[in-house]
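Structure first, then comments.
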Amino acid sequence: MGKITALALAAALLTACSSGPPGGARTPGPLPATGAATCPATGATTPAARTGAAVPGRRRELARGLDVPWGVAFLPGGDALVTERNSSRLLRITPQGKVTDVGGVPGVRPGGEGGLMGVAVSPGFDRDRLVYVYFTAAADNRVMRFRYDDRIGPLQEVVTGIPKGANHNGGRIAFGPDGMLYVATGEVYRTELAQDKNSLGGKILRVTPDGEAAPGNPFGNRVWTWGHRNVQGLAWDEARRLYATEFGQDRLDEINLIEKGRNYGWPEVEGVGDDRDFVNPLLTWTTEEASPSGLAYAGGSLWAAGLRGERLWQVPVKDGRAGRPIAHHTGEYGRLRTAVRAPDGSLWVTTSNRDGRGSPRRGDDRILVFPLR
């Protein structure tokens, strides 16, 4: 099949299996974990390779014996900085698997779902050497930064006062294509915070590298979007669209297409609703299938790490529309916490079996590398 024909077929299949435009959503049923995508309109099963979507190749175990690796961010040379939620350690890991203990981050108070979580490397790292971390402190969740010269320098405040709780502490941070820092927070089981535009809880925040409200924010403060329960993953596609994973309560987990100033409905809506004031998710799963945490974009798909679902979800996307989700490696590695695209185009995926909710296996927790082909 010629290249043009193959691309046309891929586009047609993606359109046929699409969840519809942003604002509409559907709930897929249980999916096979064999690299197949089922088009609900026809019931036909299409191998992932024939949809034009990338597929994960043979996995490589990069590192093992870690303690709940939570955040992964890459340095310019290709090494990664990795946070451990419970130990408060920052690790440096090479693409060959060499692990160096950089040290403990001061001020972290692990407990419940809190601890040392997100990490982000400054877009100007070659010049400023700055690394950002999100963690649970004694009285709040906060974003701090430090100068990194193979050690953790003195901490500087970036965003403080993010509500803290036993659960729903959010924690993912990432620099966007606009150079601003995006911060995912939870509502710490105080659901009213999600609908309060003056609270930092239950939001996606957008701030300057110094922590100020970013220019162009919709409400003149740090809030970019609101009405969130517990955002756990952030990823941009090549068109600079932002997507986020979010834990549901009892029924439905979500991936959302994130748009400036929009309200994503929690706690008024879980999953799809009919109130035009709230944005419906791009797609949903049952909580048993997903509990999606880290999110990456690579090879024309979103890749969501499933905690309770114990699988790596692939969601082909095109023009902000979602194709039929594909489940990979169901139950093979236990709980999956983070998925991130490495500079070489592969996926790094962390397990989370030592987080108090999993069943640790020999060698847990670990980082797995999947080439995309």
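A cation-pi arrangement is present between Arg172 and Trp70 under the rule of less than 6.0 angstrom and at most 45 degrees off the ring axis. In this structure, Lys203 fails the cation-pi test against Trp226, since its NZ or CZ atom is not both closer than 6.0 Å to the six-membered ring centre and inside 45 degrees of the ring normal.
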Residues Gln195, Asn263; criterion side-chain hydrogen bond (donor to acceptor under 3.5 Å, both in side chains); working and verdict: CA-CA 8 Å; Gln195 290 296 319; Asn263 186 335; 2.8 Å; yes
Thr136 and Asn169: CA distance, side-chain angles, deciding distance, side-chain hydrogen bond (donor to acceptor under 3.5 Å, both in side chains) verdict: CA-CA 8 Å; Thr136 308; Asn169 289 288; 4.6 Å; no
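No more than 12 heavy atoms of other residues, nucleotides or ligands sit less than 6.0 Å from atom CG of Asp274. In the displayed structure, Arg357 atom CZ is contacted under 6.0 Å by at most 12 heavy atoms of other residues, nucleotides or ligands.
For Glu187 and Arg190, the salt-bridge test fails: no basic side-chain N is under 4.0 Å from an acidic carboxylate O. At a threshold of 4.0 Å, the pair Arg64-Asp364 does not count as salt-bridged, since none of the basic side-chain nitrogens sits closer than that to a carboxylate oxygen. At a threshold of 4.0 Å, the pair Arg337-Asp355 counts as salt-bridged, since one of the basic side-chain nitrogens sits closer than that to a carboxylate oxygen.
Partner Tyr134 forms a side chain to side chain contact (heavy atoms under 4.5 Å, CB included) with one of Thr83, Val159, Val183 and no other, that one being Val183.
Remark: the backbone N or O of Asn198 is paired with a side-chain donor or acceptor of Asp196 at under 3.5 angstrom. When atom types are taken as modelled, the side chain of Asp275 and the backbone of Asp277 share a donor-acceptor pair closer than 3.5 angstrom.
In this structure, the separation between CG on Leu312 and CG on Leu347 is 6.5 Å, given to the nearest 0.5 Å.
Across all their heavy atoms, Tyr182 and Leu234 have their closest contact at O-CD1, 3.9 Å.
Ring planes of His228 and Tyr264: parallel class, angle under 30° (limits at 30 and 60°).
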